[in-house]
Structures are given as C-alpha cells and as structure tokens.
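Step one of this worksheet: look at the structure below.
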Amino acid sequence: MEPSIWEISRPGARGVRPVSHPVGKTDLPASLCRQDPMGLPELSELETVRHFTRLSQLSRGVDTHFYPLGSCTMKYNPKVMDRVPGLTGFQDLHPLTDEEGMQGYLEALWTFSELLKEVLGMDEVTLAPAAGAHGELTGILLARKYFEKKGERSRTEILVPDSAHGTNPASASMGGFTVRTIVSKSSGHIDLEALTEALSERTALVMLTAPSTLGLFEEELPEVVRRVKAAGALLYMDGANMNAFLGVLRPGDLGFDIVHINTHKTLATPHGGGGPGSGPVGVRSHLAPFLPNPRIVRSGKTFSVSDQPESIGRIRSFHGSSGVLLRALAYIRMLGQDGLRRVSLYALLNANYLRKKLEGLLPGTGEGLCTHEFVLSARSLEKKGVRAVDLAKGILDAGYYAPTIYFPLIVPEALMIEPTECESRTTLDRFAEDLTRLVRLAETNPEKLLRAPEKTPVSRPDEVKAARDPVLVDPAAEKRT
Amino acid sequence: MEPSIWEISRPGARGVRPVSHPVGKTDLPASLCRQDPMGLPELSELETVRHFTRLSQLSRGVDTHFYPLGSCTMKYNPKVMDRVPGLTGFQDLHPLTDEEGMQGYLEALWTFSELLKEVLGMDEVTLAPAAGAHGELTGILLARKYFEKKGERSRTEILVPDSAHGTNPASASMGGFTVRTIVSKSSGHIDLEALTEALSERTALVMLTAPSTLGLFEEELPEVVRRVKAAGALLYMDGANMNAFLGVLRPGDLGFDIVHINTHKTLATPHGGGGPGSGPVGVRSHLAPFLPNPRIVRSGKTFSVSDQPESIGRIRSFHGSSGVLLRALAYIRMLGQDGLRRVSLYALLNANYLRKKLEGLLPGTGEGLCTHEFVLSARSLEKKGVRAVDLAKGILDAGYYAPTIYFPLIVPEALMIEPTECESRTTLDRFAEDLTRLVRLAETNPEKLLRAPEKTPVSRPDEVKAARDPVLVDPAAEKRT
Amino acid sequence: MADFIPHTPRETQEMLGFLGLTSLEELVRHYPTDRTFPSLPLAGEGMTEREVLAELRGLAAKNAGSSKVVVFRGAGAYDHFIPEAVHALVGRGEFLTSYTPYQPEASQGLLQAIFEFQTAISRLFGMDLSNASLYDGATAAAEACLVAVRHTGRSILLVSEGMDPSVIEVIRTYTEGLGVRLRLVPLTEGRTRIETLREHLSSEVAGFLGAIPTFWGTVEDFSGFREALSAEGALFLLHANPHALALLRTPGEWGADLATGEGQPLGISLSAGGPYLGLMTASRTFMRKIPGRLVGQTVDQEGRRAYVLTLQAREQHIRREKANSNICSNETLLSIAATIYLSLLGPRGLYEAAAASHQNAMTLRRGLGEIPGIRLLHEGVPHFHEFAVDLPMDARTFSHNLLERGYLGGLPLSGPGRGENRMLWCATEIRTDEEIRGVLAAAKEILAGGNRR
Amino acid sequence: MADFIPHTPRETQEMLGFLGLTSLEELVRHYPTDRTFPSLPLAGEGMTEREVLAELRGLAAKNAGSSKVVVFRGAGAYDHFIPEAVHALVGRGEFLTSYTPYQPEASQGLLQAIFEFQTAISRLFGMDLSNASLYDGATAAAEACLVAVRHTGRSILLVSEGMDPSVIEVIRTYTEGLGVRLRLVPLTEGRTRIETLREHLSSEVAGFLGAIPTFWGTVEDFSGFREALSAEGALFLLHANPHALALLRTPGEWGADLATGEGQPLGISLSAGGPYLGLMTASRTFMRKIPGRLVGQTVDQEGRRAYVLTLQAREQHIRREKANSNICSNETLLSIAATIYLSLLGPRGLYEAAAASHQNAMTLRRGLGEIPGIRLLHEGVPHFHEFAVDLPMDARTFSHNLLERGYLGGLPLSGPGRGENRMLWCATEIRTDEEIRGVLAAAKEILAGGNRR
C-alpha cells in the first residue's frame, strides 16, 4: 500500500512556489489571523507526483477495465473530449466576465442547449444542474413553482415507483414534498392500478425512470401519461437511462413535462471517480418561465446572460459546469444524428447479447428484449452461502470492475449489468464465460468466492469497523498539529 | 500479462477516422500499388486506449519509483516542462516555414544556445544532435574537419580511456578514426604516463568523460589538458555527467575544445523509455566554422537560418529536437544561476550521503568524495553465487528500479548508483537499508536472490533463448497476412 | 464520423443473429411509441475529432480569458496560479474514468485520495471532519443550512448580508419549499456587530451563517458569536474562502459547528464557472448529519490498512426520502485536484499565495484610492484580497473601457443598496506590480478621458 | 524559483554533518579548477513555472503554426491528423519518465510496446523485421548506407537524385570520413530509368538507395532493380514515407534488402522539425548487422511470455568501437506514439488518410495547372501527395505573399538544377476543398496583382 501523504510529509519541505518574490508578514491584526498550524503535508513536487501516480494505479477505470456498473453507463470517454475544457478561452474564462468578453462561450452553451432541446423533444433546457440529482431537485422545484403560480398549492405529493433511484425520493423530499412510493408489479413494470389509486388532487409530480431500473421500457407508458395528466399532475422523467433511447425517441414526444439527463452517463463525459457530472433539465413550455437563473439568451448574433423574474432562482453560483458541458457538446457534434442513434441501438444490442449469453445462469427480470442494461438475481446462490457481493468480488478477481449490486432494491441479491455500446463482443463473450465460471464456482467451491477478491491491493475491508469507529481524518495529520 | 495488440485485433474493426468523407480508390496504376495486406491491428479507440494504458502500468518510471540508474541521471521531469512542446506555435510549426513565420521559435532556440554557451564556457553551440551519442559523432566530425582544414590529415587516432561510455569508441569509429584505448589506473583515474605514451602526431582527439564514469573528477586534469594540447590534439569532454558540475564549473574554462551534454540527463527532459534525447555540442571558436548546418543566426532583432560553407554538413533533416530543447530552456529559466548550482551541489550531497550510508557493505572505487554517482563492486558476493544482476533483481523486488550494472567495464560486478538531487533523504535512507538487507540476504539466503524478482509482472526472461532464436515480430501479426 | 462503437459489421450481424433478429431497429420495436428516430438538426454523420476541436477552438478564441486579459475580478471565482502537475495528475485515465468507489478493493487509490482530501480540508478549516465534496460553495452553504434546520427543528435562518449574493440566492432556492424563513443580518461598516446578531436571535433561529471574508472582502471579528448563538440553541455556520484560511482565523478557531466553502481557489480552473468544488466541514457532533460521501479508514481481512465509503446510512441510495440529501455524484475529481494543489504548495506555499494576494489587493486599493473621484468603501476595516469602491461613473461602462484596454477590472455591482457605480475589485498572488500600475493608469485615463461610452 | 530539490534546510545540515562537512561548497573543493561558480547571464533565482510558461507562450504565439496558417508544405515533414488519444497515452508518466528497458521485469509494458512497434513497422514496410527506432529518417538512411558498405566491403554508394536533398546531405556527412564515394543517379522525368542505374553499377558499388516517393512526389517503378543490383552483388535500399506505403508498393514487394523512413507522418507533431522518428527495416539476413535496439519475445522462468532487449552484441555498450553504430538513446517515446497512431487508424484509416492526401494533392495540382503562368513538372507521372511546379515569379516572394494571406504554400526551391522559381507543394488528408480553393484563389491574386514584393 501507498503511505498516506502525511506519512511522506517532511516538515520544512516545499514543492511548487506560487510567487517569485519573498512574501513577508501581512498587516492583518493578529486577533483575526490563523493561529493553528495549517496541517497541510510538506513535500517536494516529485514526492507529490509519485504519490498520486501510484494512487491512480491502485484504481480501476474504464481506461483499464471493463466496467459493467449498471445504471452508471460507464462508456468510453473519448480522449479528444478531454482537450475541450482546457482550451484557452474556456479554461481561463472568469464566469463574471462582461458579456462582450464571453460571446464564444455563451454561443457554445446556447448551441448545446438548442441541440439538447431537439434531442429531448423539449421546449427549453437549463444547463445549470451540477449532477443528475441536482437536475431532479431542479425539476421538482420547477413543479412546485408551477403549481404555486397556478394556485394549486395543495399539490404536495410526489409519486415515485419503488424501482426508482434513491435520488428520486430524496430529491422530492428536499423539494419539500411528501413522497408516496408506488409498488411495482412482479414483472418490474409499473402497477397501473396502484398508480391510479395514488393519483389525486394532491399529486404534483410523478417521477418515472424510463426505461426503468430493471432495464424495461414501460409497455403501458402512454396510459400512464394519460392518467397522470388526467389527474392534473406533471410527469417527470429520470433520464439516467437515456443511453437506451438517445436519438431513438424523445421524452417530449412521449408526453413528459420535465426530464433530466446525465451527461456523464449518456454523453460520455468522464465520471471522475464520482464527479463532476452534470444534469441538464429539459421542460415543456409551460415550465420554461421558472427555469433557474441565470439564463443564456440570444438576440440576433449576440448572446447575453439574464435573470428571469419567475425563475425558481439560482441553484448554483454560476451558469453551469462548462468544463463538462463543452465536452458533451463535442460528443454530440462528433456523433451526428446517425451516430447518436447507433449509440442506443448498440447499447441495446450489447445488453441483449450479454443477457442471452447468460441465460439460464441466474434468473433475470422481464420477458423479451431488455434495454441497455439488465438485472440478475443471485438469490439462488444463497443456499451455498454466496451473496451478490461475493459474486461481485469474484468478478473483480476475474479482471473487471463489478456490476452494481443490491440495486434495484426490489430484486433480491440484484446484479445490475450495463455493458454500454463501447465494449466489443470479445469482451462480452469473455465476461459471460467468467461469470458462468464464477456461478459454477459458487456451487462447487463457495469458500473461494467468499475469500475473493485475492488479486486486488487489499482484500475486503472491514466496513463494520469503519462505520462503528469512523476514522475520517488521517491520524498522521492529527499528530502534526 | 497483456495480450499483444494483434491478439486483440478484430478484422474489420475501426478506431479513429481521419477524414469525414468516404474515400474511394485512387487512380494510381496497380503496378505501383501495394498488394500485400498492411498487417496493422484493427481495434476500437477504447481497445487501443485500454491496451496502452495497461502497458504503461507495467513499466516503472521516475514518476512511480526511485530510479538510481547510474550514468543516466534519472531526475524528476517537472510537469510544467511537458506543457512546453505542446504550445500552439511550437507543436504545429512546420520546420521549413518561411523565416518570417518562425521568429519566435528561432528566438527561443537562439536564446537557449546563448545560455548553453555561457553554462559550458564555450564559444559556440549546436543544438542539432538528437542524442548524446549523436553529439559525440558531431564532435568527432568537427575534429576531422578541423584537421583537414589545417592540413593535418595524418591525425587519424582518437584516444579513449577504458572507463568511457561505449558510445565514445563507437562514435570515433563511425567518424572514421582508429580508436586507442587508454588503460586507467587502479584508482580509476587516467594514467598520465599511458596517455603521454599514446599521444602522437597521429592523435586527433582525446575523449574524456569528466567526471569519469567511476564518479571521480580527474585530479590531474590540468596536466592532461596541457599534454594533449602540447601534442597538437583536441580535447573532447563527454558531458554525460554534467549533473556533477552544472553551474559549478565550465568545460571551456578547463580547456576542453568540444563538449556535448545530454539534455535528458542534466536538463531534466524526459527519457521517454529510451528517447527522444538531445545532445547539444559546445565548441571553442576554432571549431565554430565547422558546426552542422543549418545554423540559427541573429541579426538585430531578426533571426534567420543559414548554411555555413565550411560546415561538416547536416547531421539530421531539420534544425534540432525542438520538442526536447524548448523543455530544457524552460528548465534553465526556472532554475536561474543559483538553482543550477544547487542541482549539482545537491546531486553531490545525495551521492556522497548514500555512498557513506553504504560504506563497508560492498567495496567501492575512489577515495574521498565522489561526484554525483558512485560505483560498488559485488564481486565479494560471487563466493555465494550471487552476482550484480541478482542484487539488481532483488532491488526491483524492494520497490525500486535497479542501478546500472556491469558498467563501467573496468569494475568487476559493478553497480553504478546515481540518486540525483531530486530524491529525499528519506528515500536514500530507505534504499540504503534495503540494499544492506539484500547484501546480508546474499550471504544468508542467496537462493532467494537468485529467484528474484518475484514481485514483478514476469520473472527473469530467458535472454539466451531470445538471442538464439530471435522473435522480433509478433507471430500473431504474421498470421494475419 | 465517430461513434466509439467497436463492432464490425460481421459481429453486428452475428450478434443480431444470436438474438434472432435481423436488424438493429428491431431492438426498439417494443418501445411504447411510434415516433422513433426523430429528425435532429445535426448532420447525419457527425464531425471528425479534428473538425470538432477546430470549431470549439474558434469559439474559445472569442473569449477574454485570463491569458488574454489581466484579471482583477473575483466575487466567487479567483484567478490563482495552478501548478501544471495538478492537471497532469488528475488527467490520468484511472482517476478520470472511474466512478464512485463502490468496490473498495478495486478503488483503493481513489478512496485514499478522497480520504486525504477530507483530511486536508478539515485541517485547513480547523474542523473535526470534512465530507468528500459537494457541487460548489453555494450549494454547500445551502446544505449546511438544511443541516441546521433539521438538527434544531427550527425554521429561521440568519444569513449575514456580507454573504456573496449568489450564495444567498441558492440558499433561498434550496430552502423556500421547506418553510424556512431567511433573515439577512445587516453589516455595519462591512462587519456584523454582535449587537445586531443578538437583535435577530430568538428561540426560532436554527443558525447564523457568516462569511470569511465577506463579499466585500472585509474580515469580520466573530468574537462572542459562538457563545451568543449557543445560548439560544442556534448553530454557528461559517462560509469561508479556503485560500483565505491560510491567513485568517479559521471556522474551527471561531467555534463554528459547520463550515463550508467554495474550493475553486484550490487549484481549480476558472472554467467560466464550473465545475467547481463544494467544501463542507463539521464538528464531530454532526458526523452522521452531514450530506455527501464520507471515506473512512479501516483494515482489510489481513489487517492491512484499507479505505471504504462509510456511514452510508445517511445517503439517498440507502435512506431514500429520509436521506440527509439527494446528492450522489459529487466533485471527486476536483477534490483530488485540490488535494494535489495543497500538497504541491504546502502550508508555506499556500500562505505565500494568500499573503501575496492580500498585499497585491492592498496595493491596488491604495492606488485606486489615490485616483480623484474614486471612493474606497469600508475604510479602516481589514480586507483579504477584495474590496469595493464607488466610481464617479457607471461601473459597467467603466468595466467595458477597461476590457478594451486588456483588463478585466472589478465587478460592476448594481441593485438595491449598491448604486450603479459600485465596483468590487480583487487581486491574487499572480498579479504583478506592473499589471497593477497598468490597470491604475488605465483607470485614470478612462476617468480623465473622452471614451466613456 | 524552482530547483526540484526536496531537502529541507535541516536535512541538508544533517546530511552534511554525516559527511563531516559544513557547507555544500566543500563537496566541490576537490574539483581540479579554481574557477568554480562562474557568473551566468541568468537571474540568481529563476522564474516560477507560470512565468516561464508565459514567456514561452509569447514566443510560440509569434510563429505561423498550422493552427494559424493552412499548410500546403511537406518536403519531409507532414501536417497530418493526429488523434488526441496519441498525446494522452504517450504522455503517461510511466512511459515518459522511464529509460531504456535494461531491467526487463520492471519494463514489460515498455518492451511490449516497442515490440509492437517493430511488428507494425515491419509489416507496413513489408519487411522481415524492424529495429526499435533511430533519430530520424535521414540518419536512418545514412545508417542503412553504412550497413551496405560494411556488408559488401565496397565503397561506392549510389543514391537516387530523387532522394530528399537533406537526406543526401546527412548521408554525405555520415560517410565522408569513411572513404565512401557518393554517386547520384539522375532522374529522367521524375523517375530513375533502369538503364541509368545499370550505367552506374559496378563491382565497387555497395548499394543503391531509392525513394518512395521521390522528393518531387513522383512514384517510381523499381521493376528489375532488385535483379540488376543482385547481379552486381550490390544491396537494394529504399527510403519510404511510411504513410505512402498504405497505397504504394512496399520495399518488401520491390525486394529491398533494407528500407528506412521518416516516421513523423505516423502521429508525430510537426514540432518545428523534431524530435522525429527514424525507421529502419530489413530482411532477416541483416538481423545482426543493423544498428539500434531490438526487442525480442521470449519466456520467463515460469514459461510466461516476456520481452527483452536482444542481440545486444551488435551494440556500442558491448562492442564499443566494433559496434554496428554508436546509437544509444533512440526515439522510443515517438515509436510508441507511432504504434498508437497505427492502432487507432488501423489499415483502413491509414489507407483513407493516404488516399485522401493523394486525392487532395491531385486536386490542388490540377488547380495550379490551370493558373496561367504556372507550369506543372513531371506531367503524366504518378505522384503521391507532393508535386513540383515552376512559377512565373520568384518562389520566395510568392511564398511570402501566400503567408500574408494565411497559407504556408509550397516550399520554394533554389539551387543547382532547380531554378529560383520552383516550388514543391503538398496536400494531406486534412486539407479541405475550401482550403484548396482558397489557396488557388490567393495564388491567382498574387500572380495577377501588384503585391509582388
């Protein structure tokens, strides 16, 4: 293992110098000045570079391993996209530059939202949200504002299927709504009866993930839409699974009022170990006046930034995560209409191919074709004492990242597998062979799986200890106070 | 192990497309066209990225490990320097651009040679040589031309000490000279008597490495210089070891006529797994007319490129390896005069410190202080069946790159250790402990060392098989013809 | 001309055949719509990577970035020096293309880097702990306010008028639907008087949020705030510029319960406003109440040190509507960038950068104060690296004229209580004496001259 | 303000103390000179990285690089498309900061990458094997000539007049001291007649070196050359543009003994002329005679596949003055770049790039041929992507006028046999129809107009 950076730290050592001249004491009064030591590590530039280079090598990414993490769409992040945010004029642009000094940037973002409007079939788009969940919160605040303006303040409930991402109910709750959970049918599809029963004049919003987290597109979606609208509620689409329909269908055409997408999933921007993401939101025109401030507006050939009076307000300090959004713009431009369609069609091809390859191995959900991902249940292995997590650890040893496990919650011992369009058949074939071997191993030599992973830098960490006696700050840094 | 790229190749697969439009057949006559398949691998961009990312992880560099490879000066390559060759206006500049379109580039290179002249104490500098050995060849051709012009064509011999880098005699030979080897004294210093005896009216050049490859500065250098000059010969300094005197002394002040340096050693440009390097050559004024073409010349504020009539001619297609040279310029600029001096002083401090830490462990060469590197002999371990190579493999397992072994040739079972100024005392202390432990291991459990390395992706490759039945081309590629 | 799909035509056919299909389109036949394959305003086949880079390079070149103009503007985004090693290291594919480390064994490096981020930030803020990042400073402040509301069960939030207005706006957006009432606590001469705070306090107050430094660059004296708030059972929240904390008394030293900040000054590019980095630190009391990821140190089966995501019971994927927040993706890559930045600069480097920023700003302030017609605000109050002035002309016009001369001057402010002529200036450590002299000369020229368009 | 030295003052003192010294300067007291610590024309403390980047950015901005001007110039350096993934991958620290893989166990990735380079290049050239790179195309050609001289023990080298003149110059520099006589074999209408070759052949001839394509862009027909040379015991050497080999008959197909080339077109930036990449391939006969590193595949102690530097008995560090060459550092990083480039493009991409280059060049050539006063050379002879014309005015002046209009036009040629008005044009796959129309319009305007300064 790599020592912590405080363990490498040598008091008095220096790395990069930020200024070329000696800096003396300031004239600030001592009572307002820091007295505690800063507690930062002290290293040479080489020591820092070596440390973080080694840390990077201790992590798997799409660039090193097949990464079938369901629901996260771990597709290839084209290297050319990494160049975009670093371009001079983007990277070094102050967000509060006078409008005349940021016309190129505003044009780029405006162009991207115009494209997204078309791709989503929506009337307006905001690029402000910093992640998918942030987009959800934005959508929910839009719904609140909409009903407020409409004088329907009694709409205080949001309906969320039990198969939804945890962010959906959490966002609804943050938006001040009461969450009602709709239990899914055993097929994983939405229970139309349960939905109808739950819908009322208190319903503000119904949040659907389409296709669902089970890798299924609601067959009865048109009917769902009809009933939600009939109840006077708005319909929200969690577009996290947009890789299943990019260029193929448009949420707006299906009747959704609000949709968010995740550029770090569908539009190939890097996941960065857990962010930065970005979660643009598209809305139909009745919700457009409420979009977050500031808005980018075009007038002739000039672009400007302005606040709209009916807006829900700011949801972050500045316009948006341009370092992410510009990458996504580049992606759409490179793909073109045909390329966008191919993304989804091949994502579906890969998922269905892999699913069929694994047929009979572990029970899955749904009949017929799946979308861009699918869910298997490892429950049958429990009799051998093997759980989904054990299978996941075996998959690590086989030379992959692991699928998502224990999600969706409605499938016991779930393994959620999403190969994305970027993986070759060779990789899928090999993965299917390895997973088959591991399931057999669970039956013949479960002990081996319970010991897995054995080929990683560490074996299974003691998570109970971590939660019971949390160490959230490096003890080596504490010592240096 | 990572499969070969031909093993991953899938016929018909495509990565990046170079043009956006379909490209048809050309109108070139079939008799002039390629008939053989190209035999290149066929992969997606992701497959290529994953393959080479993994290959990179299977290699150690300064960025990941202490790399005490003697004679190679594996110092830290500051990340800022990597930005320089990629700057727009340098990276995309055609080498045959009209002079008016490359003034900034010419100014940068001219500035760098002016600085190098001062640092070397020489009258002129050429930046053309692509590596140290190329610089040597250049220097030797300069000497040839010099004596030709002087009418001393009978000077056909070059004297080279037996402690020299192999490139010295090889370069002399490539330049059409006869090489005479000067045997060193047992102390490793040059044998003044042997030198004097070898000097004659046939001697064109005496090539010295200063400090020598044993990490020693010739005590009698002034006398060596006097005798070489008295014999009418020129004196060449192999500046590979310039990290021992950067900013501290100047070869020109010592009386050398020609000197080459290695920017990838002394001036911190990356070694790149074996290049690109660069080997600028400095000369005194009597040799200046013969420097390689083209030359960069300043006239007022304008820079131009021109050929000189007495030049030895071109030694490469274009001016020089600007991608390397501009990095080195940045390095000198960042260090300043004091920083340059510190480089050598700390390189010496580190080498002497580590040498003293290891005192008594294995016999070394020389008395008193060493320069920036030192040589140990593992001969004493032979009785246990352990050789220098075995110790080197043990060092790999201990988490380092290995020192240079079996060089210089005059030290049996040599281990040549060069820590550079960039490593911390902590690293040196740990390395000394590990080496001490390994030498003890050689005495107590030599078998363990003979099995080393055990922690690397492969164990010792069968080098005899490799040389006896050479496989220089991937058999998987042959199959695809 | 790129889709990053690896399949050969033959593989596609064979895979379709394996599925009993003959075309890719059949894969979406079951989609519940007949409006598939909409026509989009995009070329059928897209651009090559070269073409798209050329287009974006063209757009980028139209902007007045800091390589083109000298930046004297801050107001939440700061033009600091960023070592090249930061970019080189965070750009490594393993960091860039991984996701939230759900499988700790395959993500130890990432987890350790986040753990080091938590450590560095908590130490810098002088607080017990830090989470693994939020979206940006403003959302971090808003989330901290939500913690205070939840923790106290109270509904009034006091926010200093010295808080960046965009942060206040975000807090308002985040809290409006929750029945939270926001009350601004006014400044007197750029600082909050403790008497003013006391006047606003009541048993309904969840907490008070102050700024280090204020939007106006002034440095407040929070002596007695902790005690006054505790006496009423309210939380003490501070929102700090992490760069400033190299110089200024920390949230921990002031006795804050929670402290947030915008991490952009710590090695993150200006990037027109994002992605930035939300910092949240807390005293140990709030360990299980704060939102966002937390990485903890533990041991593996062999007793070796190991890192994991921990205390996940707070999070949305476990607690759903009862979670502390909805946050999932955060800003991990930027948190690694900040950690690398802090490691490269170290305590001395960060001090030098902060102190030089302060000194440059004070030099600029003195210079502006000497220009006839310009009036300095908050005289006699200590500032960090920003300060406000009143101009004798419209601030936007003044800014426009500066931009034409190659300077992104102070931020023109307008709106209630600000007038039309107010301007908020900033100088960081990378501004040179020559640049300061330059912008002062330009300012004089504009005020003297005829080009006030 | 940077020296990349990690020592703290205390560590320095302790280390000096351990050595029994009191100052760093004592470490060089034994140096054989009293002229230590010379004064240099440099500031004592240097620049920060920000300052040095700013200085170099300023110099870079003064140049007319291909992002500023449209390049129609080749003559040994070609403006091809380079996928960004090439830069991203070769820039990884493990590749960048390693050295020649003397310890194979710790350098398997590097060794495998070089082995794959050898494979790709030998296949592209249609030859049995390739070495692991030389400095550039010209030095590679010179080294091949030395192999021929050593192998045959003869002293006359025939070099086609169609060879790039800078390559001829380098061969001359390399061989002059060795008593080798260089004879140029003239072209007839842009091609070497086999009769002309025969006239130059004798039993003293070590070999003939031809070009694919010639400096003039013409594609030669080498039918019968192999036989004619073999009959005299001379070697057949070819120097090829590797990009052209996607279209053109290969050295292997022509029966060459050794073939060299400049690897720059394979994903290496123009970079004002270097570092570039010397390619050398050979038939198996010459395996132990060629210079440079060779990586071989073998097995480790457990029988796993492994790679090593092999056949080192040819090299300077073993054979010293009897080595095949003095080469030590070569161009490994660039050879990896070329391998990545070839992997990313694959056979179809490389074909498309080469064919589109050819087609663009022919479009340009037709267009120039239609401009009154411009005369095309080598009519009726096949060209790759370069061609020569005679202008009705001084070529340098013409070029200057094009540059002012944003075009780096053809290379002005002068010197014996070339006149002052000759120009060598090139177009690569990245030139668009619009750019070609643009340069043609500019050319017409210049020839028509008054600005012939």
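Any value given below was found using the heavy atoms of this structure, including those in side chains, with hydrogens, waters and symmetry copies removed. Throughout, a chain's letter reflects where its sequence line sits, starting with A, and its residues are numbered from 1.
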Inset, instruction - Specify which of A:Gly272, A:Gly176, A:Gly121, A:Gly61 makes the most heavy-atom pairs with chain C at under 4.5 Å. - result: A:Gly272
Legend entry - Residue part contacting chain A, namely of C:Arg172, when any heavy atom lies under 4.5 Å: neither
Inset, instruction - Give, as side chain, backbone, both or neither, the part of C:Ser133 having an atom under 4.5 angstrom from any heavy atom of chain A. - result: neither
Legend entry - Structural part of C:Leu248 lying under 4.5 Å from a heavy atom of chain A: both
Legend entry - Counterpart residues, ring-ring contact (aromatic ring centres under 6.0 Å, His included), relative to A:Phe407 (two or more places apart): A:His165
Legend entry - Atom group of C:Ala88 that falls short of 4.5 Å from chain A, counting heavy atoms: neither
Inset, instruction - Please determine if A:Arg17 and C:Glu352 form a salt bridge, counting it only when a charged side-chain N lies under 4.0 Å from a carboxylate O. - result: no
Legend entry - chain A contact via C:Ser67 - side chain, backbone, both or neither, heavy atoms under 4.5 Å: both
Legend entry - side-chain contact (heavy atoms from CB on, under 4.5 Å) involving A:Thr48 - partner list, sequence neighbours excluded: A:Leu43, A:Phe52, C:Ile340, C:Ser343, C:Leu344
Inset, instruction - Give, as side chain, backbone, both or neither, the part of A:Leu96 having an atom under 4.5 angstrom from any heavy atom of chain C. - result: both
Legend entry - Residue pair A:Ser321 / C:Tyr276, side-chain donor-acceptor N/O under 3.5 Å: no
Legend entry - Proximity breakdown for C:Asp79 and chain A, heavy-atom pairs closer than 4.5 Å: neither
Inset, instruction - Check each atom of C:Ala85 against the heavy atoms of chain A and say whether the ones under 4.5 Å are side chain, backbone, both or neither. - result: side chain
Legend entry - Note, C:Thr298 side chain near A:Glu463 side chain (heavy atom, < 4.5 Å): no
Inset, instruction - May I ask you to establish whether A:Lys356 and C:Phe18 are in a cation-pi arrangement, using a distance under 6.0 Å from NZ or CZ to the six-membered ring centre and at most 45° from the ring axis? - result: yes
Inset, instruction - Under 4.5 Å heavy-atom distance to chain A, tell me which part of C:Glu55 shows up: side chain, backbone, both or neither. - result: side chain
Legend entry - Heavy-atom side-chain contact between A:Pro78 and C:Glu49 under 4.5 Å: no
Inset, instruction - Establish, from distance only, whether the side-chain atoms of A:Glu219 and C:His30 form a donor-acceptor pair under 3.5 Å. - result: no
Inset, instruction - Ignoring hydrogens and angles, state whether a donor on the side chain of A:Ser459 or C:Glu302 is under 3.5 Å from an acceptor on the partner side chain. - result: yes
Inset, instruction - Determine, step by step, whether C:Glu11 and A:Arg425 satisfy the side-chain contact (heavy atoms from CB on, under 4.5 Å) criterion, reporting the C-alpha distance in whole Å, the side-chain angles of both residues, the deciding distance to 0.1 Å, and the verdict. - result: CA-CA 7 Å; C:Glu11 286 168 344; A:Arg425 184 180 59 171; 3.8 Å; yes
Inset, instruction - Counting only heavy atoms closer than 4.5 Å, note whether C:Arg73 contacts chain A via side chain, backbone, both or neither. - result: both
Legend entry - Under 4.5 Å from a heavy atom of chain C, the part of A:Leu141 involved: side chain
Inset, instruction - Let me know if A:Asn352 has heavy atoms under 4.5 Å from chain C in its side chain, its backbone, both or neither. - result: both
Inset, instruction - Pick one of side chain, backbone, both or neither for C:Val170, based on which atoms fall under 4.5 Å of a heavy atom in chain A. - result: both
Inset, instruction - Check each atom of C:Val295 against the heavy atoms of chain A and say whether the ones under 4.5 Å are side chain, backbone, both or neither. - result: backbone
Legend entry - Contact origin within A:Leu396 toward chain C - heavy atom pairs under 4.5 Å: side chain
Legend entry - Side chain to side chain, C:Gln112 and A:Glu2, heavy atoms closer than 4.5 Å: yes
